[in-house]
> 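Okay, handing you the structure first.
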Amino acid sequence: MSKNFYITTAISYVNGSPHLGHAYEAILTDVMARFKRLDGFNVKFLTGTDEHGQKVAKTAETNGMEPKAFCDKTAAEFEAMTETLNISNDDFIRTTQDRHYTASKAIWSAIKDNNPDDIYLSKYDGWYSVRDEAYFTESELEKGEDGNFYTPGGAPVEWVEEPCYFFRLSAYTDKLLKFYEDNPGFIVPQSRKNEIVSFVKDGLQDISISRTNFKWGVPVPDDPDHVMYVWLDALTNYITGVGYPNTDCDEYKTFWPADIHVIGKDIIRFHCVYWPAFLMSANLELPKQVFAHGFINVEGQKMSKSVGNVIAPQNLIDMFGLDQTRYLLMREVPHGQDGNFSEDHAFQRINSDLANSLGNLVQRTLSMIYKNCDAAIPNPNDFTGDDKKLLNEIYDCFPTLRKHADKMEFHRVLEGIWKIIAHANAYVDEQAPWALRKNDPERMKTVLYVLAEAIRGFAILVLPYTPEAGHKILDRLSVPEDERLFEYVSADHALSGGIIIEKPEGVFPRLEMKEEAA
């Protein structure tokens, strides 16, 4: 099994500022990247911004700016978001970078060289959505009360007639269906796969891959009057990020094909139909998996500027804290489904799981060690059956957690970890070390050691989700940096008695809901 792992987010469109949906995708992908690193993988994690297209050009004009200046401003906001959310990306790509222009032109040329008939010049006339940067047949559109056509997502469309280059997507219907059959895990979750297979089985039509009515894009090789269709340009970022067109470079050979593209469900057609067809035509390997996540609704409603419920990531961090926000989003959004953000429930979840369950366990255990064991991890005596049961549950849980993580089922991973944390809290109450201090101090030392060792395991296991808090706990236990990997959650690497600890401070303070927030 390869120990290299390449994961990407979709690149964010720069016509607006980052919102909760962008934050969720970044955190979701970051959690997987961190999980794999902690599991011993050599990880490449790419994110970035999609900066070309008619919509960006129009938005820039509306703001009285040149497209590049507008992109510089908005891309900086997305880069800042990755820092704010403690995202561990290895690279941040912008489609306005020289390396990406080179890669985009190269894949166009590769398609022409490998399959000359796949690109041909013709005329496009049909419905186009500027908001979605996508073409639609009339059968896909809905007629509004005003008599105009709209996409299923509610975006207006306009009739476009212009000369353009087409990609012969119709030639890839059978090839794509065979690929889906041969690679059953390519599209996840299953409901999205069913949607794509049904779409392809209906028969594919050739698609326009260039535009002439605006200039903000990558010029088509040998025909600069055309710019590349934004989705061919944008999708190419995934190979730009590993050095394409230099397919002989170490990074490309190490990381391509990508292991997972993490995207929103609204752009699955581009990633699971167009992108694999482009790669087949260019004679390049296809990614191993596309994971399409759902949306986050706010108080049961879809986020919308018109409704006024769009949430900026910084607002959540200000309200709950960074690790708390990361945990909340991973715990509350089911695998591949839509999630819902409710302020009341968020406070309840964070206080229950983080402040009360894990935070309180850490605080009261380390406080008792600090006060009653000369501020040092005690040396344990013989373990009882209850001691072994708790420790073995922690040591043995990882294979199950890994199975869920490999499916991007992080709500299940966290559910599993917190089930054991609940058992640890029950163990504290049953063993009552505060009572043992008087009547059996040696047994108290063993109980506190078991709890400290359990906390070490929990702190490592939660590192992908709450990295700041996890490392803070491990710092207090003086766990070396190079021993903070999943393989160290075992009896072979258990804490040694005598380790000095600092005076404990709370890692997850209880949150109080402000009246104005309520």
Side-chain angles (χ1 to χ4, degrees), residues 7 9 12 17-38 43 45 47 76-90 92 262 293 296 298 303 310-333 339-363 405 410-411 413-414 417-418 421 455 458-476 481 484 504-514 517:
I7 187 168
T9 66
S12 300
S17 299
H19 56 64
L20 183 56
H22 297 113
Y24 171 69
E25 182 169 297
I27 293 170
L28 175 64
T29 312
D30 179 63
V31 164
M32 183 58 128
R34 288 177 182 272
F35 191 98
K36 286 296 183 181
R37 291 190 193 104
L38 290 164
V43 173
F45 171 15
T47 189
E77 295 180 29
F78 282 92
E79 287 199 71
M81 182 191 75
T82 64
E83 297 174 9
T84 299
L85 297 173
N86 196 10
I87 304 301
S88 63
N89 54 294
D90 302 288
F92 189 98
V262 179
H293 61 77
I296 296 185
V298 177
M303 277 195 294
V310 176
I311 299 178
Q314 188 63 55
N315 291 351
L316 284 189
I317 295 169
D318 292 342
M319 186 180 297
F320 303 122
L322 174 55
D323 273 3
Q324 290 88 336
T325 297
R326 290 173 59 100
Y327 176 83
L328 178 71
L329 293 176
M330 294 302 99
R331 184 68 178 83
E332 288 298 309
V333 182
N340 183 58
F341 170 77
S342 163
E343 196 171 284
D344 287 348
H345 182 70
F347 274 97
Q348 292 170 13
R349 170 67 77 184
I350 290 169
N351 280 332
S352 173
D353 289 9
L354 297 182
N356 296 349
S357 261
L358 180 56
N360 190 43
L361 175 68
V362 173
Q363 183 65 15
F410 293 118
H411 64 302
V413 177
L414 292 171
I417 295 171
W418 255 259
I421 290 174
I455 288 168
F458 295 143
I460 294 174
L461 292 174
V462 302
L463 282 174
Y465 319 94
T466 58
E468 287 186 353
H471 282 298
K472 191 178 293 185
I473 295 168
L474 293 167
D475 287 344
R476 298 207 176 127
E481 290 282 347
R484 301 180 183 189
E505 297 177 359
V507 289
F508 290 117
R510 184 172 179 81
L511 301 177
E512 298 297 333
M513 193 171 184
K514 297 178 182 178

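These numbers come from a predicted model, not from an experiment.
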> Check Ala459 against Ile473 and note the closest heavy-atom contact, atom names and distance.
CB-CG2, 3.7 Å

> Only counting residues at least two apart or in another chain, list the ones meeting side-chain hydrogen bond (donor to acceptor under 3.5 Å, both in side chains) with Thr466.
none

> Restricting to salt bridge (charged side-chain N to carboxylate O under 4.0 Å, His left out), what partner residues turn up for Glu25, sequence neighbours left out?
none

> Which heavy atom in Ala23 sits nearest to a heavy atom in Pro313, and how many Å separate them?
CB-CG, 3.7 Å

> For residues 349-356, tabulate all N or O donor-acceptor pairs below 3.5 Å that involve a side-chain atom, not counting sequence neighbours.
from   : atom 1 : to     : atom 2 : distance (Å)
Arg349 : NE     : Glu332 : OE2    : 2.6
Arg349 : NH1    : Asp353 : OD2    : 3.0
Arg349 : NH2    : Glu332 : OE2    : 3.1
Asn351 : OD1    : Leu511 : N      : 2.7
Asn351 : ND2    : Phe347 : O      : 3.4
Asn351 : ND2    : Leu511 : O      : 3.0
Asp353 : OD2    : Tyr327 : OH     : 2.5
Asn356 : OD1    : Arg510 : NH1    : 3.3
Asn356 : ND2    : Asn351 : O      : 3.4

> Can you tell if the side chain of Tyr465 reaches within under 4.5 Å of the side chain of Ile27, non-hydrogen atoms only?
no

> What residues, two or more places apart in sequence or in another chain, satisfy ring-ring contact (aromatic ring centres under 6.0 Å, His included) together with Phe78?
His22

> Testing the basics here: between Pro509 and Gln324, what is the closest heavy-atom pair and its distance to 0.1 Å?
CD-NE2, 4.4 Å

> Can you find a pair of side-chain heavy atoms, one from Val507 and one from Arg476, that are under 4.5 Å apart?
yes

> Side chains of Phe341 and Leu328, heavy atoms from C-beta outward: is any pair under 4.5 Å?
yes

> Within the structure provided, determine whether Thr29 and Met32 are in side-chain contact (heavy-atom separation under 4.5 Å).
no

> As an exercise, state the distance from NE2 of His19 to OG of Ser12, rounded to the nearest 0.5 Å.
8.0 Å

> Can you give each donor-acceptor pair under 3.5 Å made by side-chain atoms of residues 79-87, sequence neighbours left out, with the distance rounded to 0.1 Å?
from  : atom 1 : to    : atom 2 : distance (Å)
Thr82 : OG1    : Glu79 : O      : 2.6
Thr84 : OG1    : Ala80 : O      : 3.0
Asn86 : OD1    : Arg34 : NH2    : 3.3

> Would you please name every residue forming a side chain to side chain contact (heavy atoms under 4.5 Å, CB included) with Gln363, sequence neighbours left out?
Ser367, Pro504

> Nearest 0.5 angstrom please: Trp418 CH2 to Ile421 CD1, how far?
4.0 Å

> Could you tell me whether the side chain of Leu28 reaches within less than 4.5 Å of the side chain of Leu329, counting heavy atoms only?
no

> Would Asp344 and Gln348 count as having a side-chain donor-acceptor pair, cut-off 3.5 Å?
no

> Atom CZ in Phe508, atom CG in Asn360: separation rounded to 0.5 Å?
12.5 Å

> Say whether Asn89 and Thr47, considering side chains only, have a donor N or O and an acceptor N or O under 3.5 Å apart.
no

> How far apart are the closest heavy atoms of Phe45 and Ala33, and which atoms are they?
CD2-CB, 3.7 Å

> Going by salt bridge (Lys or Arg N to Asp or Glu O under 4.0 Å), name the pairs with one or both residues in residues 460-475, residues two or more places apart or in two chains.
Asp475-Arg484

> Rounded to the nearest 0.5 Å, what separation is found between the CG atom of Leu38 and the CG atom of Leu463?
5.5 Å

> Restricting to non-hydrogen atoms, name the atom on Ala405 and the atom on Val413 that form the minimum distance, rounded to 0.1 Å.
N-CG2, 3.7 Å

> With rounding to the nearest 0.5 Å, note down the distance linking CD1 in Ile460 to CD1 in Ile455.
12.5 Å

> Suppose we screen for side chain to side chain contact (heavy atoms under 4.5 Å, CB included). Which residues come up paired with Val333, at least two apart in sequence or across chains?
Tyr24, Ile296

> I'd like to know if the side chain of Arg326 reaches the main chain of Pro464, judged simply by a donor and an acceptor atom lying under 3.5 Å from each other, with no hydrogens or angles considered.
yes

